[in-house]
Structures are given as C-alpha cells and as structure tokens.
Amino acid sequence: MLNRILFACLFLALSTEGSSLSCRWMDHKFRQHNEETLNLLDTMAKNVTNTTEVEVTVAFPNHLYRQVSKSSAEDKLVFTVQVLEEVAALFEEDHSSASWEDGTVRNFLNIVNKQAKELHSCVSSLSVGFLLHMYFKRLSHHILKEMGHSAEAWEVIRKETKAHLMRAEQLASSLHTAH
C-alpha cells in the first residue's frame, strides 16, 4: 500500500514537473524568438521596392485579442499557437512577387514554426478558434489571392503579421506576470 502511494506521488511529481518544464520555454525563449521574427519582418520591409499603399479590407481582430486577454493562461497559449500556425500558413503561400530574400522568409518561417511547436507542448489540447481562422482565411483570399499575390498584397500581410506578433508578445507578457 505504501509503495502504491509513493509511486502515485512520484508519478504526480514527475508529470507536474514535466508540464512545467515544457512551459519554461514560454518564459525563456518565446520573447527572444518573437523579437527575431519582428526583426525579420522589419528586414523584409527594408527590402520592399516602391509599392503603392493598399487599403486593408480585412479588419484586424482586436476584439479576439481583448477577449482572449481575459481568458485562462491555457486559452492564451492556445490562441497564440493558432496565430503562429495561421501566420506560417500565410507565408507558405506564393510570395515570389514580394521583394524579400528567400533566406529571410525561410528564417522567419522556421522561427514561427518552432514557436508554434514549442508552445503547443505547453497546452493539453489545441482547439482551433473559428473566428481567428476565418480572419486569416479572409487575409489569404481578399488580400493575397484577389491581388494576385502581388508585392503590395505581401506588404499588407507583412504589416498585419507584425501587428499579430506584437499582440502575441503582449499575451506572453501577461502570462509571465501571472506566474
């Protein structure tokens, strides 16, 4: 009987420690990687040739960020993972018309995918937020596809992505202060 209790306590301690270890990445690496992605987006902006300003026809989902900011830490992580996965999906579309260096885009995608993978390990389950998914679908359709994946369209996507990553940083900061 004592062995079973000891085993149960050991199992609980190890599983608790394992889950906190996987989320330490959030505390120590997320901000660093997010800063790298923002720098890469700024580098992409420097490589933009003369493009005309395009009106953004897809409203930024501020209401979703406000809503999730009041949610649990797990929900914030799930939301952040989805943002990262949606951003990666956008940047995997044909960006040949953008004047960005392929290496910069590859580095950006590698970091975003690493962030999504590492944060995914911090959550127990991942449910896709329909409204956020639809926002990114509209970006893909109304900005990229309707504008023929032009350099102007990609500049809009770059700016929208930067706004998302900055908001994700705010969510991450709120998680860090919650510990």
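Residue numbers run from 1 in the order of the sequence given.
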**Study point:** Minimal non-hydrogen separation, Arg167 against Arg66, with atom names
**Key:** NH2-N, 4.1 Å
Review point. Can you name the closest pair of heavy atoms from Thr37 and Leu165 and give their distance?
Key: OG1-CD1, 3.4 Å
**Study point:** Side chain proximity check, Trp100 to Thr43, heavy atoms < 4.5 angstrom
**Key:** no
Practice item. Search all heavy atoms of Met166 against all heavy atoms of Leu38 and return the closest pair with its distance. Key: CG-CD2, 3.8 Å
Review point. When rounded to the nearest 0.5 angstrom, what is the spacing between CD in Glu92 and CG in Asn113?
Key: 6.0 Å
Check your understanding: Which heavy-atom pair separates His95 from Asp102 by the least distance, and what is that distance?
Key -> NE2-OD1, 3.9 Å
Practice item. Check Gln115 against Asn34 and note the closest heavy-atom contact, atom names and distance. Key: NE2-N, 3.4 Å
Practice item. Would you check, one step at a time, whether the test ring-ring contact (aromatic ring centres under 6.0 Å, His included) holds for His141 with Phe136? Key: CA-CA 9 Å; His141 181 74; Phe136 278 96; over 10 Å; no
Revision key, fill the gap. CG (Leu90) and CG (Leu144) are apart, to the nearest 0.5 Å, by 6.0 Å
**Study point:** Stepwise side-chain hydrogen bond (donor to acceptor under 3.5 Å, both in side chains) test for His149 and Glu93
**Key:** CA-CA 8 Å; His149 291 81; Glu93 291 194 34; 2.8 Å; yes
Review point. In Å and rounded to the nearest 0.5 Å, what is the CD1 to NZ distance from Ile157 to Lys159?
Key: 12.0 Å
Review point. Among side-chain atoms of Glu86 and His133, is any donor-acceptor pair under 3.5 angstrom?
Key: yes
Review point. Can Ser69 and Lys76 be counted as having a side-chain donor-acceptor contact under 3.5 angstrom?
Key: no
Review point. Take atom CD in Glu35; do more than 12 heavy atoms of anything else shown fall under 6.0 Å from it?
Key: no
Practice item. Grab the two heavy atoms, one from Leu132 and one from Pro61, that are nearest each other, plus how far apart they are. Key: CD1-CG, 4.4 Å
Exercise for review: Please say whether more than 12 non-hydrogen atoms of neighbouring residues, nucleotides or ligands are located less than 6.0 Å from CD in Gln67.
Suggested key: no
Revision key, fill the gap. Output for pair (Glu85 CD, His120 NE2), nearest 0.5 Å, gives 6.5 Å
**Study point:** Backbone N/O of Arg106 and side chain of Asn110: donor-acceptor pair under 3.5 Å
**Key:** yes
Review point. Taking atom OH of Tyr65 and atom CD of Gln170, what is their separation to the nearest 0.5 Å?
Key: 9.5 Å
Review point. What is the ring orientation for Trp154 with Phe91, classed by angle as parallel under 30°, tilted 30 to 60°, or perpendicular over 60°?
Key: tilted
**Study point:** Atom pair OG1/CG of Thr104 and Leu40 - distance to nearest 0.5 Å
**Key:** 6.5 Å
Point to revise | Min side-chain heavy-atom separation Phe108-Val87 under 4.5 Å | key: yes
Exercise for review: Check whether the ring centres of His142 and Tyr135 lie less than 6.0 Å apart, and answer yes or no.
Suggested key: no
